Amino acid sequence: MSIAPATPAIGMAQEQIHRHNVGTLLRHVHLGGSVSRAVLAERMGLNRSTIMALTAELSAAGLVCEERPAGRGRAGRPSLVVRVRPNWAYVLAFDVAVDRLVAARVGLGGAVLDRREAVRQRAGADLDHVVEVLARFGRQLHEAAPPDSVCVGLGASYCGMIRPGDGMVRFGPDMGWVDQAFGAELSRRLGLGIPVPVGNEAHLGAQAEQLRGAGVGLENLLYLHGDVGVGGGIIVGGKLLDGDGGYGCELGHMVVNPYDGRPCGCGSHGCLEAEVGERALLDAAGRPADLWGRDALRAVVDDADRGDELAREALRRVGDWLGIGVANLINLFNPGMVIFGGMLRDVYPGAAPQVRHRIATNVLPVARERVRLRTSGLGDDSTLVGAAELGFAALMADPLGVLARA
């Protein structure tokens, strides 16, 4: 009795499963560091021979290597440890904030191997300048990479509302960007023949903190990112909550003070970012209108630490509005953690008593009993790390296919 050959559909399904397994194994090692074959088999629900075969493919492609574990373990032959080769495959990551431009070469495994930074002037819609600086940095980083290494992707973070798919900045109120083709222009000027996916800075920051920062292992978290204004990212069930058009989680434009609120750059009044952003703190601390930026914010925090009562009152006021916003978000999403990043990482310690008081007063007891409040575990690189992971996404989905194209 003859056996019919596998149909094309079955062969295609098997190929998809294999591609998925190769990518999943690489992702475990990329995010978790050195991992033994035994642990990989347990995490992925595969037998050790399959893990060995998958590892052999990734090793032959130059993405991982295997070595004996350090130290002495249990009796018997130890399971080999799989780790990435960080200097061979890399992405170029770009981060556009209101006051700075950053580009970095980030190796497989997440290590920042090289970086460039420049000050960004607050000069309005400056697409040409931003693209010129970042493209120059990107080419420098690419040319400085080891000759046997390969760029497997690009990723960018921008402080505005991004249209999914093409990197168009639909709205960036702090710098007046409306419908600016940032991703397409940066890809063209880089000249590497690779598209530049772009993400909202707070969305990427939330994902980075979940993968590599303060929120590792959490399925539900909130990330609040302060720059001039306030952005937000919400992780629900392990996935980013992005909304119908990709413009969700604009937490900074949640109205907290509708009656006598400060004007906001979006055209409304009393938005969270209007009450807790850079200008709100500096005005409350009596700082002149021509003073701005991260150093000015840190000066207020330092003055408050030294006992300056006006600076302390400014932090209390901002902290109260921040607490109202956080209390609302906890009641809505029941996160396991709220993470404060960007300039809020500097402001939060001094504002924490007011934030905690609002949570104690305004959050439902069952929602507040487990929530933790933390500052960013990745420091000021949360958004840059998020951009790098955006660049690695294609490689994690199809490692061998991406390498073949690269």
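Given the structure is predicted, the values throughout are model-derived calculations rather than measurements.
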Test item: side-chain donor near acceptor, S376 and E209, under 3.5 Å: yes

With salt bridge (Lys or Arg N to Asp or Glu O under 4.0 Å) as the test, would you mind laying out the steps for R122 and E278 before giving the verdict? CA-CA 14 Å; R122 299 188 184 183; E278 175 189 278; 2.8 Å; yes

With no hydrogens and no angle check, do the side chains of E57 and H18 hold a donor and an acceptor under 3.5 Å apart? yes

Angle class for the Y158/W177 ring planes (parallel below 30°, perpendicular above 60°, tilted otherwise)? parallel

Taking 4.0 angstrom as the limit, do R317 and D320 come out as a salt bridge? no

Examine distances only and state if a side-chain atom of Q210 and a backbone atom of L218 form a donor-acceptor pair shorter than 3.5 Å. yes

Among L54, T50, I51, side chain to side chain contact (heavy atoms under 4.5 Å, CB included) partner for L40: I51

Applying ring-ring contact (aromatic ring centres under 6.0 Å, His included) as the test, list every pair that has at least one member in residues 196-244; sequence neighbours left out. Y223-H225

Check the pair R279, V228 against side-chain contact (heavy atoms from CB on, under 4.5 Å), reporting the backbone distance first and the verdict last. CA-CA 7 Å; R279 198 66 251 164; V228 171; over 6 Å; no

Residue pairs passing the ring-ring contact (aromatic ring centres under 6.0 Å, His included) test with at least one member in residues 387-406, sequence neighbours excluded, are H30-F392

Donor on one side chain, acceptor on other, T24 and N21, under 3.5 Å: no

Is a side-chain N or O of N220 found less than 3.5 angstrom from the main chain of G237, in a donor-acceptor match? yes

My understanding is that only one of D227, D380, D99 makes a salt bridge (Lys or Arg N to Asp or Glu O under 4.0 Å) with R294; could you say which? D380

Could you tell me whether the side chain of R312 and the main chain of A304 form a donor-acceptor pair under 3.5 Å? yes

List the steps, then state whether side-chain contact (heavy atoms from CB on, under 4.5 Å) holds for L329 with V338. CA-CA 9 Å; L329 293 168; V338 179; over 6 Å; no

With F340, which residues qualify under ring-ring contact (aromatic ring centres under 6.0 Å, His included), at least two apart? Y348

Are a donor atom and an acceptor atom from the side chains of E275 and N257 found within less than 3.5 Å of each other? yes

